[in-house]
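Report on one structure; see the data block that follows.
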Amino acid sequence: MPRDVPGLDSEQVKRVRKALGGQVQPIPWSQTRWYLADLETAETAADAGQIAMAARLMRAARKDGVYAGVLSTRTDGLVRLPKRFRGSPEIVAALEVGGDEARSVFDEMCPAPELAAIAADGIELGVGVGELVPVQGRDYPVLVRLDPEFIYYMWSENRWYFKSIAGLIPITPGDGRWVLHCPGGRMAPWQRGLWRAIGRAYIRKEHANLHKDNWEAKLANPARVAVMPAGGSEAEKSSWFRRVMAWGINTVFATPPGYDVK
């Protein structure tokens, strides 16, 4: 680890977290309009280890109800499947589900919503990240999913970093504090995520919906042109313009001879 980069448990990071209520993640930024050119920019950035734009695109895609439903069915169902643990009998006994009124240590450490969220990041981006946060009064921490918008892969060091509120923090899987989920593989996992296919479909669908809404807003009310004859008095012109400006859905016009609405 570079000496000038603080770790997750360094005093510098602890001080900053304490000042901000324990939070380590910056506020996510939502982009509300997406274009195919943005997808191309995200692909170029991802190849350099910057997956922030791809992560924002996937967060935006979840606004689509159909996609969000399919994704939640896949991930929520996955984490609720029966679990099998291997290893020391004592540790396995603690991790397995206990009696009717008891939750296993695994369920306490790794809440199902957090696991599902990290699994979704793995499907979309090929990589997900979480922090094992110590809990006062307990012997074991709790898993908290962190937004992949803030993870960054540095090719020159072959290391993942998290862009925290205290600066870059190296991600060290297996140190008891970090969880790095890489279903896309160890090398450039974002290249095997589904975010490019999902992003293209989402952007095209969003634009189609915008064009449809625009067409309906313009043409659902067929009257589009108001014509005033030459020679009308000033009072007639003023009255006519007031009615035209107040033109709304299902508006009824009573027009004098020579005036026309189309």
Side-chain angles (χ1 to χ4, degrees), residues 25-47 50-78 113 116-128 145-151 184 190-229 236-256 258-262:
Q25 175 180 292
I27 299 175
W29 175 68
S30 297
Q31 184 172 331
T32 57
R33 286 288 181 270
W34 288 91
Y35 303 91
L36 291 177
D38 294 328
L39 178 60
E40 295 175 357
T41 301
E43 290 184 84
T44 303
D47 286 338
Q50 300 274 6
I51 66 169
M53 198 168 186
R56 289 197 298 269
L57 176 56
M58 289 300 93
R59 189 164 62 241
R62 296 182 195 186
K63 292 189 296 185
D64 186 286
V66 175
Y67 171 66
V70 172
L71 182 65
S72 66
T73 299
R74 179 172 177 178
T75 56
D76 293 353
L78 173 66
I118 293 177
D121 293 334
I123 293 169
E124 294 175 333
L125 299 165
V127 61
R145 176 258 189 186
L146 298 175
D147 199 308
E149 176 181 347
F150 303 107
I151 59 177
W190 56 82
Q191 292 183 344
R192 283 166 289 281
L194 301 179
W195 61 274
R196 285 170 291 189
I198 294 169
R200 180 175 296 276
Y202 165 71
I203 293 171
R204 289 169 64 90
K205 184 175 180 180
E206 279 289 287
H207 283 225
N209 287 334
L210 287 173
H211 292 321
K212 180 175 179 291
D213 292 342
N214 184 50
W215 184 88
E216 290 178 347
K218 285 186 176 181
L219 302 179
N221 181 13
R224 299 299 301 164
V225 180
V227 180
M228 181 179 65
E236 289 174 334
K237 292 179 181 179
S238 177
S239 174
W240 180 247
F241 281 124
R242 281 198 302 270
R243 278 183 284 175
V244 170
M245 286 188 294
W247 197 341
I249 297 175
N250 296 327
T251 302
V252 177
F253 294 96
T255 61
Y259 288 76
D260 189 16
V261 176
K262 299 178 181 178

Where the side chain of Trp34 meets the backbone of Leu57, is there a donor-acceptor pair that is under 3.5 Å apart? no

Take Tyr202 and Glu206 through the test side-chain contact (heavy atoms from CB on, under 4.5 Å) and record every step on the way to the result. CA-CA 6 Å; Tyr202 165 71; Glu206 279 289 287; 3.3 Å; yes

I'd like to know whether Glu149 forms a side-chain contact (heavy atoms from CB on, under 4.5 Å) with Ile151, so could you lay out the CA-CA distance, the side-chain angles of the two residues, the decisive distance to 0.1 Å, and finally the verdict. CA-CA 6 Å; Glu149 176 181 347; Ile151 59 177; over 6 Å; no

For Ala120 against Arg62, the heavy-atom pair lying closest together: CB-NH2, 3.8 Å

Heavy atoms only: give me the nearest Asp121-Gly128 pair and the separation to one decimal. CB-CA, 3.9 Å

Taking Asp64 first and then Arg204, would you say they form a salt bridge - that is, a charged N and a carboxylate O separated by under 4.0 Å? no

Looking only at non-hydrogen atoms, find the nearest pair between Lys63 and Thr32 and report the distance. NZ-O, 4.1 Å

How many angstroms lie between atom CG of Leu71 and atom CG of Leu194, to the nearest 0.5 angstrom? 9.5 Å

Short side-chain to backbone donor-acceptor contact, Asp38 and Tyr35, under 3.5 Å: yes

Here the gap from Thr44 atom OG1 to Leu39 atom CG, rounded to the nearest 0.5 Å, amounts to 9.5 Å

Check: Arg196 side chain, Gln191 main-chain N or O, donor-acceptor pair, under 3.5 Å: yes

Minimum-distance pair of heavy atoms, taken over all atoms of Asp76 and Ala116: OD1-CB, 3.3 Å

With distance as the sole test, does Ser72 use its side chain to make a donor-acceptor pair with the main-chain N or O of Gly69 at under 3.5 Å? yes

Report yes or no: does Trp195 contribute a side-chain atom to a donor-acceptor pair with the main-chain N or O of Ala54 at less than 3.5 Å? no

Please name the pair of heavy atoms, one in Pro148 and one in Leu125, separated by the smallest distance, quoted to 0.1 Å. CG-CD1, 3.5 Å

Side-chain touch Ile27/Gln25, heavy atoms, less than 4.5 angstrom: no

